[in-house]
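Data first, discussion second: the structure below is written as structure tokens.
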Protein chains: 2
Amino acid sequence: MTAWEAHARETLAGAGRRAGRARELVISLLARQQCCLSANEIFDSLRTKDRRIGLASVYRALDQLVGLQLVQRLEFADGARYEPLLPSGEHHHHLMCDDCGKVEPFADGGLERALDRVGGDLGYRVEAHDVLLRGACAECRA
Amino acid sequence: MTAWEAHARETLAGAGRRAGRARELVISLLARQQCCLSANEIFDSLRTKDRRIGLASVYRALDQLVGLQLVQRLEFADGARYEPLLPSGEHHHHLMCDDCGKVEPFADGGLERALDRVGGDLGYRVEAHDVLLRGACAECRA
DNA sequence: GTCAGTGCAAAGCTTTTGCAGCGCG
DNA sequence: CGCGCTGCAAAAGCTTTGCACTGAC
């Protein structure tokens, strides 16, 4: 079990939530991911292991996890995707290939510093930021 | 007529597109905006002036404008929004207030430089980037 | 005259909600 | 044993598509 997974279960228990089949499976699947997944991808993946899972429960679990800041919701042109939000605050952003649809993570300290600076310069108290780069990946450029 | 509006009509004509009622109205409305609008906001605004406008035509016009790189499509949690893409390449990003839903534009040279650098550091040829900051605006912080 | 553009209505998707039953604590 | 969690089905948006008609070039 990853540190995030333990943190997630602890936070849920602390918020008075009871452990149910669907949400437990969503958590353990997310914990094993390198990058973001759509609700449908999560549902399909879980369905192959347990025929009883319902799509609505996947959405409900994700909503709760987002509300407790355990998961980040990302907006893409073809719908939302979700990924674990590490308690360390460490995070990454995404690159999407317009040709093949592939999504990859990347991290960049200089970009983070620029983003933090922008928040301070405006009247806003910035809670979160999303960055999405779109273009042609190395393979599709060929 | 703004420079963008003239540029848009010229580009459409050059692509062999014929001028129709709906798309002309969408263009003249977008040209007058300071920030992004949803398809429904565009539809509602045009409907009050011309009862014949159809929502499907608004979507079709926006698709074409996005395809010709005259308009940028932005993904928000409650759907897509659209705004003119200036031929100068000059552009801005968005701040959204989680409390009141207000969306405001901002521009930051340091952020743009950081974004451009990231593109070069990876195998990607980056065509576009989107940045969305979320938080509490000055009014809602009170 | 041809064919892109248009409005309407219907369909497609993702996401949410209602409801009755299950099961965690 | 109460109430949160679940699955199913239905509903609710946003967006796209089919079709016949209109009108720009």
Side-chain angles (χ1 to χ4, degrees), chain A residues 8-29 36-68 70-82 101 103, chain B residues 8-29 36-68 70-82 101 103:
Chain A
R9 292 191 208 282
E10 199 175 324
T11 303
L12 283 162
R17 299 287 169 68
R18 298 177 186 177
R21 190 196 326 135
R23 199 174 55 211
E24 291 300 304
L25 287 172
V26 168
I27 290 172
S28 62
L29 176 60
C36 51
L37 290 178
S38 69
N40 237 311
E41 286 167 344
I42 294 171
F43 174 65
D44 287 345
S45 175
L46 297 182
R47 231 348 159 47
T48 60
K49 289 174 186 163
D50 187 334
R51 195 66 71 74
R52 289 170 302 175
I53 293 296
L55 178 58
S57 297
V58 171
Y59 275 106
R60 279 187 285 234
L62 291 170
D63 275 354
Q64 294 175 355
L65 294 168
V66 170
L68 290 169
L70 294 167
V71 160
Q72 181 171 17
R73 175 185 165 129
L74 304 155
E75 306 300 331
F76 285 77
D78 56 353
R81 299 184 194 205
Y82 302 83
V103 175
Chain B
R9 293 192 207 280
E10 200 175 322
T11 304
L12 284 163
R17 298 289 168 67
R18 299 177 185 175
R21 190 194 327 133
R23 198 174 56 213
E24 292 299 305
L25 286 172
V26 168
I27 290 172
S28 61
L29 176 60
C36 51
L37 290 178
S38 69
N40 236 309
E41 287 168 344
I42 294 170
F43 174 64
D44 286 344
S45 175
L46 297 184
R47 237 329 155 66
T48 61
K49 290 174 184 162
D50 188 334
R51 194 67 70 74
R52 290 169 301 175
I53 292 297
L55 178 57
S57 297
V58 171
Y59 276 106
R60 279 187 285 235
L62 291 169
D63 275 353
Q64 294 175 355
L65 294 168
V66 169
L68 290 169
L70 293 167
V71 160
Q72 181 170 19
R73 175 185 164 128
L74 304 156
E75 306 300 330
F76 285 78
D78 57 353
R81 299 185 194 205
Y82 303 83
V103 175

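Every chain is numbered from 1 and lettered A, B, ... according to where its sequence line falls, protein lines coming before strand lines.
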Inset, instruction - Examine the base of D/dC5 for any acceptor or donor lying under 3.5 Å from a partner atom in the side chain of A/R21, and report the outcome as yes or no. - result: no
Legend entry - Distance in Å, B/L25 CG paired with B/R23 CZ, rounded so as to fall on 0.5 Å steps: 11.5 Å
Inset, instruction - For C/dT16, take OP1 and OP2 only and decide whether either is under 4.0 Å from a side-chain N or O of A/Y59. - result: no
Inset, instruction - Please evaluate the base of D/dG4 for a donor-acceptor partner in the side chain of A/R23 within a cut-off of under 3.5 Å? - result: no
Legend entry - Distance in Å, A/D63 CG paired with A/L68 CG, rounded so as to fall on 0.5 Å steps: 11.0 Å
Inset, instruction - Taking the side chain as every heavy atom from C-beta outward, state whether A/L70 and A/I27 have any atom pair closer than 4.5 Å. - result: no
Inset, instruction - May I ask you to say what A/Q64 touches in the nucleic acid, namely base, sugar-phosphate or nothing, with a heavy-atom cut-off under 4.0 Å? - result: sugar-phosphate
Inset, instruction - Check every atom of D/dT15, C/dT16, D/dG7 against the side chain of A/R73 and return the nucleotide holding the closest atom. - result: C/dT16
Legend entry - Closest nucleotide among C/dA4, D/dT6, C/dT16 to the B/R17 side chain: C/dA4
Inset, instruction - Tell me which of B/R81 and A/A22 sits closer to the 5' end of DNA chain D, going by the nucleotide each one is nearest to. - result: A/A22
Inset, instruction - Answer with base, sugar-phosphate or nothing: what part of the nucleic acid does B/A61 contact at a heavy-atom distance below 4.0 Å? - result: nothing
Inset, instruction - Would you mind reporting whether A/V58 and A/N40 have side-chain heavy atoms less than 4.5 Å apart? - result: no
Inset, instruction - Could you check whether A/L55 gets within reach of a base, just the sugar-phosphate, or nothing at all, counting any heavy atom under 4.0 Å? - result: base
Inset, instruction - Would you classify A/A56 as touching base, sugar-phosphate or nothing, given that sugar-phosphate means primed atoms plus P, OP1 and OP2, and contacts are heavy atoms under 4.0 Å? - result: base
Inset, instruction - Have a look at B/R18 and say if it touches a base, only the backbone sugar-phosphate, or nothing, with a 4.0 Å heavy-atom cut-off. - result: base
Inset, instruction - Have a look at B/R60 and say if it touches a base, only the backbone sugar-phosphate, or nothing, with a 4.0 Å heavy-atom cut-off. - result: base
Inset, instruction - Pick base, sugar-phosphate or nothing for A/R47, based on heavy-atom distances below 4.0 Å to the nucleic acid. - result: sugar-phosphate
Legend entry - Heavy-atom check, side chain of B/F76 versus side chain of B/C36, under 4.5 Å: yes
Legend entry - Any A/S57 side-chain nitrogen or oxygen under 4.0 Å from OP1 or OP2 of D/dC5: no
